[in-house]
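Heads up, the thing below is written out as structure tokens.
Quick note on labels: first sequence line is chain A, next is B, and so on, each numbered from 1.
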Amino acid sequence: MAAGATVFALTLAACGSSDNASDDPTDASKPAENAEPVTLTVATFNNFGYTDALLQEYMDLNPNVTVVSNVAATSNDARTNYFAKLGAGGLADIEAIEVDWLPEVMQYTDFLADLSDPEVEGRWLDWKTAAATDPDGRLIAYGTDIGPEAVCYDAALFEEAGLPTDPAEVASLLEGGWDTYFEVGQDFADASDKAWFDGAGGTYQGMINQVEAAYEDPETGEIVATTNPEVKAIFDQLTAVTPEISAHLSQWSDDWFAGLATGEFATMLCPGWMLGVIKGAAPDTTTWNVADVFPGGGGNWGGSYLTVPAAGDNVEAAKDLANWLTAPEQQLKALAAAGTFPSQNVALEDEAALNEAMAAGEEPTNAVYFNSDTLGTTFSNRANAISVSPFKGEFYFQVNDAMQNALTRVEDGSQDPTTSWNQFVSEVEAIG
Amino acid sequence: MSTTSAPQDGGSQGAVRQRQTKLTWRQRRGQWDVKYSPYLYIAPFFIVFGITGLFPILYTAYISLQDWDLVRNTGEFIGFDQFAWVLQDREFWIALRNTFSIFLLSSVPQLVAATFIAAMLDANLRAKTFWRMGVLLPYVVAPVAVALIFSNMFGDKFGLINTVLGDLGIDPILWHTDIIPSHFAIATMVNFRWTGYNALILLAAMQAIPRDLYEAAAIDGARTVRRFFSITIPQIRPTMIFVIITATIGGLQIFDEPRMYDAFGLGGANRQWLTITMYLYNTGWGDFNFGRAAAVAWLLFLIIISITLLNNFLTRKFVADDATAVKKVKKQALKGSAKGGK
């Protein structure tokens, strides 16, 4: 499919005259009837909210441009495809990447077009842009969404356990650090036969994303995960509380989805894009709410970027399209379509538009499902609360996997915390 | 091709020519035709194999000696370090253990069941085609779909099997935590998919057995079981060897089912169901360490070759070939007739 589209694009480009595409006035804002026809492929994964209607809108603005969209099922598929073709050629004109593999992409910035442009300066949150800027100051990716985290909770289970159910009250109940979150969890578990949170893995993700440099030394790139006291402290704290208050469900497993549907646990850390996951897994429930709070301040989980491979045939035209797609107006449309929370300052400041976007889209909309008209405000607050942009180096992926496994081994009862930690240490020592 | 080889043969042909009468051009061309054409006819396969099969194998060997960067397509020669690293890696040996465990749990029952099913299908059945198509049906289902359905059944907490066990008052089995249950679950998926396929291949072989062998045995008083072991099994021996070898190769390369067994596809928190091909894939596409992945690929290649040779040896030893089988049957028939004569 992707190959076919690329061949198609190549053929079209070959049919055109030898004029360089960069000479064409393919500015996103004004139609350019006289420009050479170009076909641009946009490769994304999961659901970016780039609906046919949105792409058609761009084609109407730029009659010479045909946009073809390729969607990979998972970000892992996209990652494999990306690195297989980055050097060899054959990528789409615009390729989406996820923040988790951005560190790996940053090693190969010379294969990507420099997207820096006076027009887009100050468009995104600072840390979003900083992460995609290479040491030479080239901006190699435009930010799409971010994953500001809040706490989702099941109001019905809260009520049974005698806890407040109103989002504002829950927010003030959970205000504080992780200690508070786990203490309230202990109270909840004492009063209920359900668990407080889904599993150690997802909770750990929320905690570790608040650590500035968890696994690697930003200066030297050396792996420090096993000696970093912060990592050990999080591991110890989490493994100490999980026997009592965790549902022991490994995130994304069949059991986890089943547990969501049947209400096995009361709270879950939820980035904006998680709303769609919860809604999809538990469509018949009406008691999930979002509290405008996150233990230990703010946290970001996930989010993506658009890159333009430098080897493409229509780099300039692709850059214009990527620019347009990541503009605040379009990002709000993507939010309505897929719940991808914008990383653009202008979009984040406009709370009314954010709330409106959360209330738009397919029935039941996020606003209806989560019983709130102010989800936009909530996540905007959560985004502003993010103060740490964690450093993720070359080995982040592998170390984090090893850590997730270590937590799972404790949760499923196959190892005690000490054994599991020691195995984690030896696994990390083997990396590199 | 013929132009380069012609002068070499010129000497010997010249000698022949002097002894015999002189060959005409047409006759010589005829000789070349007989000699070289067959090679020309089979050449396309070997050329295609050379490009798509042999070259990647050799290129993999080349990459396995390097610290390879896929994106830049360059590497640094480091000799056998990758092999040494893989051989001392704990995960590699766990993967090897798992692969053999899953392979044995799937291949052995699978082949026994396939032979049995094939024998049943070979019998006189109503609506033969229906039953024969039926056994092939699971094979048509995509492995990913099979894995999705089965991993739902084998869920630790809310899976079908554990729910039923719970209703019966039995403790749930931790399909994703304990090693043997996870292997059993994956082997079940493999067996579901491949038993019918192998049964059909064996059935085809059974259909080719001359019926008079059975008739003769029946007249001599051999019962069904005896006929099965003394005629059917020896007669399908070459096919059996083929099926065993393909099952071995497939079993040692098992990937889809264990990868789809949980949400991450990494073989479990303690690598309970990590197989060699998953280890290979994770090294290549997870860590982007292609030099090391190539080394794993070569080790897997060597393992498969040695297991196949061992398998071949054992099968030849334990399953008599048709010549001996026919002799046996004839001997028994002779014995029978001799007895009858008395």
Side-chain angles (χ1 to χ4, degrees), chain A residues 73-74 76-77 79-89 101 104-105 107-108 110-112 200-201 247-262 264 394-395 397-398 401-415 419-420 423-424 426-427 430-432, chain B residues 67-75 85-86 88-92 94 144 147-160 162-163 172 174-179 181-182 185 259-272 274 281-290 292:
Chain A
T74 68
N76 272 346
D77 292 348
R79 174 173 175 255
T80 308
N81 180 59
Y82 193 83
F83 288 105
K85 293 180 183 165
L86 185 58
W101 32 288
E104 291 162 292
V105 174
Q107 297 172 51
Y108 301 109
D110 49 325
F111 287 99
L112 298 168
H248 306 291
L249 299 171
S250 157
Q251 214 154 30
W252 313 115
S253 68
D254 290 328
D255 278 343
W256 182 74
F257 282 109
L260 251 176
T262 53
E264 291 297 317
E394 200 186 333
F395 299 108
F397 221 76
Q398 287 165 266
D401 260 352
M403 177 48 108
Q404 289 285 354
N405 285 332
L407 290 167
T408 308
R409 288 194 298 269
V410 177
E411 272 220 302
D412 67 19
S414 57
Q415 285 181 359
T419 318
S420 188
Q423 189 174 326
F424 165 72
S426 65
E427 278 173 13
I431 294 172
Chain B
D67 186 8
W68 193 256
D69 185 329
L70 169 83
V71 175
R72 298 193 195 280
N73 215 16
T74 53
W85 196 94
V86 169
Q88 63 79 40
D89 187 27
R90 180 176 152 270
E91 278 190 19
F92 173 77
I94 292 180
V144 173
L148 282 177
I149 296 164
F150 277 80
S151 50
N152 217 322
M153 277 173 59
F154 289 110
D156 283 23
K157 286 211 168 64
F158 309 109
L160 179 70
N162 275 351
T163 312
L174 296 174
W175 298 108
H176 286 81
T177 307
D178 294 338
I179 296 166
S182 72
R259 186 167 163 77
M260 293 298 296
Y261 189 57
D262 75 344
F264 306 105
L266 297 175
N270 208 7
R271 304 295 179 235
Q272 291 96 324
L274 179 81
Y281 183 89
N282 294 345
T283 309
W285 291 110
D287 308 344
F288 284 104
N289 195 335
F290 281 84
R292 197 171 287 166

- Side chain / backbone / both / neither for A:Glu394 at chain B, heavy atoms under 4.5 Å: neither
- Query: Quick check: does any side chain N or O of A:Asn405 sit under 3.5 Å from a backbone N or O of B:Asn270, one acting as donor and the other as acceptor?
  - Reply: no
- Query: Is the shortest heavy-atom distance from the side chain of B:Arg72 to the side chain of A:Asp110 under 4.5 Å?
  - Reply: yes
- Query: About how many Å separate CZ of A:Phe397 and CG of B:Asp287, when rounded to the nearest 0.5 Å?
  - Reply: 10.0 Å
- A:Ala261 versus chain B, heavy atoms under 4.5 Å apart: side chain, backbone, both or neither? neither
- Note on the structure: Nearest heavy-atom contact between B:Phe158 and A:Asp255 is N-OD1, 3.1 Å
- Query: Is any side-chain heavy atom of B:His176 less than 4.5 Å from a side-chain heavy atom of A:Asp412?
  - Reply: no
- Message: Any non-hydrogen side-chain atom of A:Glu427 less than 4.5 Å from a side-chain atom of B:Arg271?
- Response: no
- Query: Looking only at heavy atoms, which two atoms of A:Arg79 and B:Phe288 are closest? And how far apart?
  - Reply: NH2-CE1, 3.2 Å
- Message: Taking B:Thr177's backbone N and O only, do any of them form a donor-acceptor pair with A:Arg409's side chain (distance below 3.5 Å, no angle check)?
- Response: no
- Item | Polar side-chain atom of A:Asp254 near backbone of B:Gly155 as donor-acceptor pair, under 3.5 Å | no
- Task: Answer with side chain, backbone, both or neither: which region of A:Glu264 has an atom nearer than 4.5 Å to a non-hydrogen atom of chain B?
- Result: side chain
- Item | Side chain, backbone, both or neither of A:Ser250 within contact of chain B (heavy atoms, under 4.5 Å) | side chain
- chain B heavy atoms under 4.5 Å from A:Ala84: which part of the residue, side chain, backbone, both or neither? both
- Item | Region of B:Asp69 that comes under 4.5 Å of a non-hydrogen atom in chain A | side chain
- Task: Locate the shortest heavy-atom distance separating A:Thr80 from B:Tyr281; write the atom from each residue and the value.
- Result: OG1-OH, 3.9 Å
- Taking all heavy atoms of B:Leu70 and all of A:Phe83, pick out the closest pair and write down the distance. CD2-O, 3.2 Å
- Note on the structure: In this structure, CZ of B:Phe264 is separated from CG of A:Asp401 (nearest 0.5 Å) by 8.5 Å
- Task: Evaluate the side-chain contact (heavy atoms from CB on, under 4.5 Å) criterion for residues B:Val71 and A:Tyr82: first the C-alpha distance (whole Å), next the side-chain angles of each, then the deciding distance (0.1 Å), finally the verdict.
- Result: CA-CA 9 Å; B:Val71 175; A:Tyr82 193 83; over 6 Å; no
- Options B:Asn152, B:Asp156, B:Leu148, ranked by heavy-atom pairs under 4.5 Å with chain A, top entry: B:Asp156
- Just how far is it from atom CG of B:Asp262 to atom OG1 of A:Thr408, taken to the nearest 0.5 Å? 9.0 Å
- Task: Could you tell me the separation between the CG atom of B:Asn289 and the CD1 atom of A:Ile431, rounded to the nearest 0.5 Å?
- Result: 11.5 Å
